[in-house]
Amino acid sequence: MPVPQRPAPRFPELTHPTATTPEAHAMNWDDPTDTAAGERSADSAAERLVGSAADREDQAVEAALRPKDLDEFIGQEKVREQLDLVLRAARARGATADHVLLSGAPGLGKTTLSMIIAAEMGAPIRITSGPAIQHAGDLAAILSSLQEGEVLFLDEIHRMSRPAEEMLYMAMEDFRVDVIVGKGPGATAIPLELPPFTLVGATTRAGLLPPPLRDRFGFTAHMEFYEPTELERVVHRSADLLEVEIDPAGAAEIAGRSRGTPRIANRLLRRVRDYAQVKADGVITEDIAAAALAVYEVDSRGLDRLDRAVLTALLKLFGGGPVGLSTLAVAVGEERETVEEVAEPFLVREGLLARTPRGRVATPAAWAHLGLTPPRQNTAGNGQQDLFGT
């Protein structure tokens, strides 16, 4: 009986065993199931200086700034400690590492950790994304070309199609996939053995992963936002690699406006570097960093123009709320999805805005941050704000 041929990969650019170049990181596939509104909000996030999405410039710079091993990786202490144990044990056994699931907001280092896993295991890495895998055949083509011990990094794994997801169950557990030959009643499933590999899945929305998929990962880690002191270390390290002179106060100023995200810290550092080279002597101090970020409209808490526009409309036009999301979006002149998905998450996390069943409500911290005085409460006992001072 002839041995079945492995299907030709549908994505030849993904078959290179060491696809770790900046061009490989920069690959971006569109999900045809996304709505136009979702695409607009994603574009808005990518255009913001404090947005956590990576554009091509970020990807190129990050390739040069990425730490190469766990010792160089800053922050995420618990995740690093746990992952180090997993990888050391696998090396001692001479086996491939368990499948790893990394969840957390964009820009916290999930892709970097996947590359570190491959480096620590001395294995090549293959990079792809969930939106790129819309059919089971797409996944079969990638899996069938893996080498033994190779690391497959699957970004945005929650956006993978259901047929591919079901094929992945068997591949992760039994290192086998069934290739369907033919159509209709005459179709035949031919089992195809796979070499042992390590799947590293990354997701920004772990709740969307079905339990059967989540349970097949041997190690699961959640990436937390960084503390300002950790971001200061990130800024100093990046400044050294970029050959930029920066003092501790300047690094602290940038770190404090970086929303707990290393990607944003590196982006702000590059913009402040440009300002220092043009307007000063090239040295980044606290005053230079503050002046540069004022030009780019990033305030002391990391809020940009869109964030302040949402808060200003909520406070000045609606007395602090409650107000509906659609009304607030119209007042700001943005799409509803842009306000909800781009601006609100950080405002809620900072305690400046609250989502309630009645609508969006500003907190006392929002009034204080914008230097405004909240309206006094109505004394009629109905819990409503007295917007007219009566």
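Here, residue 1 is the first one in the sequence, and each next residue gets the next number.
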Sequence neighbours excluded, the answer for side chain to side chain contact (heavy atoms under 4.5 Å, CB included) partners of L372 is L315, K316, W367, L370
Got a sec, which residues hit side chain to side chain contact (heavy atoms under 4.5 Å, CB included) with A97, two or more places apart in sequence or on another chain? L87, A90, M121, T198
Partners of E224 by salt bridge (Lys or Arg N to Asp or Glu O under 4.0 Å), sequence neighbours excluded? none
For V361, what residues pass the side chain to side chain contact (heavy atoms under 4.5 Å, CB included) criterion, not counting sequence neighbours? P322, T356
Under the rule for side chain to side chain donor-acceptor pair (under 3.5 Å), what residues qualify as partners of R93, not counting sequence neighbours? none
Pairs involving residues 279-290, ordered by first then second residue, that meet side chain to side chain donor-acceptor pair (under 3.5 Å) (sequence neighbours left out): none
With side chain to side chain donor-acceptor pair (under 3.5 Å) as the rule and sequence neighbours excluded, what pairs involving residues 95-106 come up? S103-H222
Does any pair with a residue in residues 103-121 pass salt bridge (charged side-chain N to carboxylate O under 4.0 Å, His left out), and if so which ones, sequence neighbours excluded? R91-E120
By salt bridge (Lys or Arg N to Asp or Glu O under 4.0 Å), which residues pair with E344, not counting sequence neighbours? R355, R360
If you draw the axis of the six-membered ring of F73, does the NZ or CZ of R80 fall within 45° of it and under 6.0 Å from the ring centre? no
Does the side chain of H158 reach to within under 4.5 Å of the side chain of L209, using non-hydrogen atoms? yes
Hydrophobic clustering (ILVMFWY, side-chain heavy atoms < 4.5 Å, transitive) - are V323 and V330 grouped together? no
Please name all residues satisfying salt bridge (Lys or Arg N to Asp or Glu O under 4.0 Å) with R214, sequence neighbours left out, ordered by chain then number. none
Looking at R237 and D240, is any side-chain nitrogen of the basic one under 4.0 Å from a carboxylate oxygen of the acidic one? no
Under a 3.5 Å distance rule, please check whether R257 uses its side chain to pair with a backbone N or O of L268 as donor and acceptor. no
Can you name the residues that form a side chain to side chain contact (heavy atoms under 4.5 Å, CB included) with P212, not counting sequence neighbours? Y169, P210, R216
Is there side-chain contact between L113 and V100, with at least one heavy-atom pair below 4.5 Å? no
Mind checking salt bridge (Lys or Arg N to Asp or Glu O under 4.0 Å) for E232 and listing every partner two or more places apart, or none if nothing turns up? none
Is V348 linked to L325 within one hydrophobic cluster, defined over Ile, Leu, Val, Met, Phe, Trp and Tyr using a side-chain heavy-atom separation of less than 4.5 Å? yes
